[in-house]
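The chains referred to below are lettered A, B, ... by the order of the sequence lines, with proteins before strands, and numbering in each begins at 1. Here the structure is a predicted model, which means the values were calculated and not measured. We use all heavy atoms of the structure for the numbers below, so side chains are in, but hydrogens, waters and symmetry mates are not.
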Amino acid sequence: MILVDGMMSQMMEPVIFPDPVNLTELPPKPWVLDGANGRPSRIIKSLILGTVEMEEHNWKLARKYETISREIANAETYMTEDARFVVVAYGTAARVAKGSIKRAREMGLKVGLLRPVTLWPFPERVIREMSRSVKDFLVFEMNTGQMLDDVKLSLEGRSNVHFYGRPGGIVSTPDEIAKVISSLYYRQHLEED
Amino acid sequence: MEKVVFKRPKYIKKVPFHYCPGCGHSIIHRLIAEVIEELDIGEKTICVPPAGCAVLAYDYFDIDMGEAPHGRGAALATGVKRILPDKMVFSYQGDGDIAAIGTAETIHAANRGENITVIFVNNSCYGMTGGQMAPTTLLGQNSTTTPGGRDKDRDGSPIDLSEMLAITKGAVYIERTAVNSIKNIIKTKKAIAKAFKVQMAGLGFSLVEILSPCPTNWKMSPVDACEWIDDGVMQTFPLKIVKDETS
């Protein structure tokens, strides 16, 4: 599932498409339903009624999810190398946060962005590793805190987690978030060496 | 010398059916399998079974089977048929599946004139979930959600999906039959064969609505249930060729 917000669907900007994929070499389809001609009939179904069969299937799915969460969890980082304060935001909020981080940098604050590209699986390892040097994270969302618990669970109490969010309606501006960042930054005395 | 006069159809697997005694699905499965065998289309037919009692049709028919999400039989059949226009594609759906949850998909598939066949089994209730009111439940009919009988003012009147579909431009052949007597079973088989032939000729959307007994949820004996189709169900859903633009 690709999670988008309404703002994204209304934006336009130039994009560069990747090179086209060669579709003449598709993998074989041993499952396809095209008539049982010279082979046994096939069934495609999602319903599993047998209790034993269902548990086996659910274990299979659990192993699959485990592999997926190990292999595809992904996050973008922006100006985090020397950061003392990191904003965690996704989607449109991440774009707003980038603008606010630029402003905060102009003010001399060492602020970076961590943008989860995948929200599930959540890139918890990236955040946890970042907590070695960053002791204050600001979760910024365009809602009242849907990702907040994910960040807290990833950090397991290693760093402080602050939150700023507004529900749908008015979209926060970079200036607004820059103010939130700077007030937290000074409150936590991050300007001191 | 022995002569075989009655046998398991070629395209029905050798497994016991789970259907209740007196249920119409077993008869309808047999009729479809016989038609497939007689038209010699078993190796090119794909069936889309429904959500409901007949979902397990995928274990009974020995042809390719692709289960649809609830109500979306006609939509899934549309996809299969458009990718494989030379194959025979039919959905098998109950009244709760087709006339409630999948009404929109069904109407639009018919209106587009998709060259698919729909077998619509109408037992005037939600069978698998225990006999709740369906859109097709008769006025006055008892169900677990209409104790004391379906009331027109409270529950609305039964919906005649076949008539609704008939007004779409793309529907070519729609007939309502029943499986409550030998005579009606023979007529039903003819209707199924005709619907399949309509698809083979590429004429457009075909549907056979089959009035089918549900003794368990109607709380009747199998014999009484068959009689009730004559005395009750057909008063609301009369047997007829609802639409035939094949000639």
- Item | Heavy-atom neighbours of Lys194(B) NZ exceed 12 at 6.0 Å | yes

d(Glu43(B) CD, Asp34(A) CG) to nearest 0.5 Å is 11.5 Å

- Distance-only, no hydrogens or angles: does the Asp64(B) side chain make a donor-acceptor pair with backbone N or O of Arg42(A) under 3.5 Å? yes

**Under 3.5 Å: donor-acceptor pair, side chain of Lys44(B), backbone of Gly35(A)** = no

Against chain B, residues from residues 52-65 of chain A with at least one heavy atom under 4.5 Å, in numeric order, are none

Interface check, chain B: of Ser41(A), Gly38(A), Pro40(A), most non-hydrogen pairs under 4.5 Å belong to Ser41(A)

| message | Are more than 12 heavy atoms, taken from residues, nucleotides or ligands other than Lys45(A), located less than 6.0 Å from that residue's NZ atom? | response | yes

Exercise for the section: Kindly check if the number of other-residue, nucleotide or ligand heavy atoms within 6.0 Å of CG (Leu26(A)) is above 12? Expected result: yes

NE2 of His70(B): more than 12 outside heavy atoms within 6.0 angstrom? yes

So side chain to side chain donor-acceptor pair (under 3.5 Å) across residues 111-128 of chain A, not counting sequence neighbours, yields Glu76(A)-Arg115(A)

task = Would you mind reporting whether Asp59(B) and Ile43(A) have side-chain heavy atoms less than 4.5 Å apart?
result = yes

In this structure, are over 12 heavy atoms from other groups packed under 6.0 Å from Ile68(A) atom CD1? yes

The reported gap from CG in Leu47(A) to CD in Glu67(B) (rounded to nearest 0.5 angstrom) is 5.0 Å

(message) Is it the case that atom CZ in Arg70(A) sees more than 12 heavy atoms from other parts of the structure closer than 6.0 Å?
(response) yes

*Do other residues, nucleotides or ligands put more than 12 heavy atoms under 6.0 Å from Arg95(A) CZ?*
no

Considering residues, nucleotides and ligands other than Asp82(A), do more than 12 of their heavy atoms fall under 6.0 Å from its CG? yes

Ranked by heavy-atom pairs below 4.5 Å to chain A, first place among Ile41(B), Val89(B), Leu84(B), Asp62(B) goes to Asp62(B)

If one checks every heavy atom of Val55(B) against chain A at 4.5 Å, the contacting part turns out to be side chain

Under 4.5 Å to a heavy atom of chain A? For Leu56(B) that would be side chain

Between the CD1 atom in Ile44(A) and the CD1 atom in Ile46(B), the distance rounded to the nearest 0.5 Å is 10.0 Å

